[in-house]
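Heads up: the structure comes next, in structure tokens.
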Amino acid sequence: MDERLTTIKGIGPGREKQLHKLGITNVTSLLTYFPRSYEDRRTIYRIGELKSGMTGGVMGNVIAVQEKRPRPRLSILEVVIADGTGPLKIVLFNQGYKKNFYKKGQRLYAYGKAEFQYGAMQMNTPQIENLGDGGEPDRGIVPIYALADGVSQFVVRSSVRNWFAANHELQEILPAEVREAHQYMSRYDAFKMMHFPASSERYEEARHQLAYEELFVMQSGLALLRNKEQCHKGSKMGPNGDLMAQCIENLPFSLTGDQQRALEDIRIDMEDERPMQRLLQGDVGSGKTVVATLSLLKAIENGYQGALMAPTEILAAQHYEGITEVCRNLGITIELLTGSTTKKEKERIYEGLADGSINMIIGTHALIQEGVNFHNLGLVIIDEQHRFGVEQRARLQQKGTYPHVLIMTATPIPRTMTLSVYGDLAVSLIKEMPPGRKPVKTYAVDSSYKERLRNFFGKEMAEGRQVYVVCPLVEESEKLDLQAAEELYLELKEYFYKAYEVGLVHGRMKPSEKDEVMNAFHKGDISLLVSTTVIEVGVNVPNATIMCIEGAERFGLSQLHQLRGRVGRGSHQSYCILVSDSKNDVSQERLKLMEQTQDGFELAEQDLLLRGSGQLFGLAQSGLPDLRVANIIKDIEILVQARKDVLDFASQHGMEKLESVMKEELEKRFGEKFLRILYN
Ligand code: ADP
Ligand code: MG
């Protein structure tokens, strides 16, 4: 199926190049280039049959072309066609450049909404196809593809059609018994119905089937992966002991109900010989760290080592400080290992990990470097999971003999996502916030508020509070964004000259420089911190009460919510100011939503709907394939069914059989990385 496009009739090097623009590089990618929408051309109307308000297609010859310029920046191109039953005025806005494109006598097909206006039937910006001399439009339910400049519907449509005309079979992917049980049509028919549906019912069937197929492949991969993890015996632990109890006594607060429940889930998992695979999900500031700490202590008091991996140095260092504090006088050895640990230190730590004299290690990616070997790693905790991919996670796990794994995330991952990305990873939820938290008052404003905002920052800082100002840093133009952040920093520095200390932290700084600034902010030596998004995860400065986000429309809702979670950590009323000049409706709606809700889960679901699943927490990084047909939210029922079928199949025929049946397709879709984890 991965044949070259030029094997299809009608595609030469020229068309091949055009198709490349759409990301279509071979036959598979052509067939999976599904239409963006469809046009119902089963009936083509006579112009005289059109009624105001109806949507449909007509054919006619051009009888007049005229451009009007009622206002300087407005051009209206009117193309009138007729078919003997009456004229139809086609109205195109600001497309004056097409004036010479339409000529009298030319035959056009137009599809759109008909409206009776100013005494004539017209269509505003319909889909138009030039039929040439005496040409006929495609009939039936016609696919409309997403296009790029210089590529026409015709090229994509005829390429797909010609492939189907020359081929009558597509290799099946699903096991035969599964296809039979669902009474599925052939894969060939399903693809054909996606491109050229015979009816909307047949289209629905095909879409359902291909969504199912996609999810079946994905769930097979996950089942195999999970099986590999689970068929090993892990570190079965004894009951909770003194270390945990003492640590709880050290805490300046008592655990919330949700924290206790999460700990209980973890206790049960760790006392089983099957390795734990649990997701600890809790909104920013909900207190996951203490749950992690106590879990690590459980491993330690059972004679194992524990590791905590965080995505940034700052975060790792902060965990190290906080955890050392609550574990003081417990008589255990805790070390910090990051990229900036000196070579000498590193060697000492490597030794301590290998001989078991270090009980707990906290660090960054440095923990998964070669050279790091554990004496007996019993528990791995990964903080802010979405920053790590499947592969990195697996690398850390491989450092132990199937240690228990706890994944922590503040990005609320809807059930649909945990199911699809992890299979049935167990989830513990911390919904309840530690007592005394006030909701963060959130306001969306535009940049005309600049002066008022600065006054407001000044007022809060006069009260001794601290302020974050975040500017977006987008990878494509890192340089420009950095410039913007630096400018803003200089402006604010001048504005608050001598009154308050202003600092800048950005992604291009060396870790040690970053740490220096962050520490100064932490200690209160800096009152206002301008930053690019590096503070997105983790930092804890309870004295900060304002989070001002510039260019807020450029962030995902979950990201905004995470940033907002940086304030409201102390006893003072906190504020989140979203600055955006975007007039875009979706942007406005998203910012409104931020004003209205503090519920990270609701925001995450909305984010999924508004931005697609990939954005949520780096599905791309996770090592999983893109979904082309299935929609992770809308097709949850298909997902659940596919999952059940995968597990049924495996329990009837064994995992090996599932693997052998699905291996080829898994390789194709999941790519090498994922397979290396599966088969190493
Ligand atoms: P996150 O879940 O975002 O990682 P943290 O673990 O950093 O949150 O906790 C945020 C703050 O809440 C910390 O200062 C922590 O000491 C505090 N905290 C955690 N649990 C409780 C509790 N049960 N009662 C009061 N404060 C708590
Ligand atoms: Mg945290």
Side-chain angles (χ1 to χ4, degrees), residues 244 247-266 278-297 307-328 362-364 381-388 406-413 427-440 466 468 518 521-524 534-545 547 558-572 574 576 598-601 603-604 617:
M244 288 179 81
C247 177
I248 291 175
E249 244 168 58
N250 278 353
L251 295 174
F253 47 75
S254 40
L255 297 171
T256 64
D258 278 352
Q259 284 171 327
Q260 284 172 16
R261 273 184 289 278
L263 278 166
E264 182 59 10
D265 292 342
I266 292 166
R278 182 169 288 277
L279 184 71
L280 178 61
Q281 231 174 289
D283 217 338
V284 233
S286 61
K288 295 181 290 297
T289 317
V290 63
V291 173
T293 310
L294 290 165
S295 308
L296 289 165
L297 289 175
L308 172 60
M309 181 156 84
T312 64
E313 297 218 357
I314 296 169
L315 195 51
Q318 208 165 59
H319 277 324
Y320 175 75
E321 268 167 41
I323 292 175
T324 326
E325 170 65 21
V326 293
C327 292
R328 67 187 182 276
I362 297 169
T364 56
I381 301 183
I382 300 175
D383 195 14
E384 307 292 351
Q385 144 67 15
H386 60 295
R387 293 284 171 126
F388 297 102
L406 181 69
I407 291 164
M408 303 201 289
T409 178
T411 309
I413 305 176
V427 179
S428 296
L429 264 182
I430 306 186
K431 283 209 105 164
E432 179 186 359
M433 283 289 181
R437 293 275 160 80
K438 296 191 186 106
V440 178
Q466 287 165 280
Y468 291 102
M518 290 312 297
F521 189 65
H522 198 220
K523 281 194 300 200
V534 285
I535 54 162
E536 187 188 336
V537 276
V539 289
N540 195 17
V541 181
N543 189 45
T545 53
M547 167 61 66
S558 293
Q559 241 178 339
L560 289 174
H561 183 66
Q562 290 245 0
L563 285 169
R564 176 165 64 184
R566 301 295 116 215
V567 295
R569 303 191 145 218
S571 51
H572 306 284
S574 292
C576 175
Q598 306 266 331
D599 182 341
F601 278 82
L603 291 167
F617 69 130

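Counting convention: from 1, in listed order, for ligands and their atoms alike. Quick note: numbers below take in every heavy atom, side chains included, and nothing from hydrogens, waters or symmetry partners. Residue indices begin at 1 and follow the sequence shown. What you see is a predicted model, and the numbers here were worked out from it, not measured in a lab.
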Checking heavy atoms under 4.0 Å, the part of Q259 that sits near ligand 1 is side chain
message: Side chain or backbone, does G287 bring an N or O within less than 3.5 Å of an N or O on ligand 1?
response: yes
Taking C-beta and beyond as the side chain, do T545 and V567 meet within less than 4.5 Å on heavy atoms? no
In ligand 1, the atoms that come under 4.0 Å of a heavy atom of S254 are 22 (C), 23 (N), 24 (N)
Would R261 and E432 satisfy side chain to side chain contact (heavy atoms under 4.5 Å, CB included), going step by step from the backbone distance to the final call? CA-CA 11 Å; R261 273 184 289 278; E432 179 186 359; 4.0 Å; yes
Near S286 (heavy-atom distance under 4.0 Å), the atoms of ligand 1 are 2 (O), 8 (O)
OG1 (T293) and CG (L308) are apart, to the nearest 0.5 Å, by 7.5 Å
Closest heavy-atom approach to atom 6 (O) of ligand 1 among T289, I430, V541 is made by T289
The atoms of ligand 1 lying under 4.0 Å from a heavy atom of T256, numbered in the order shown, are 23 (N)
Notebook entry, point to check: Heavy atoms, side chains only, cut-off 4.5 Å: are I381 and H319 in contact?
Noted result: no
Got L429 and D258 here, is their nearest side-chain heavy-atom distance under 4.5 Å? no
Logged contact type for P542 with ligand 1, heavy-atom cut-off 4.0 Å, is neither
side-chain contact (heavy atoms from CB on, under 4.5 Å) with V541: of H522, K523, R566, only one passes, and it is H522
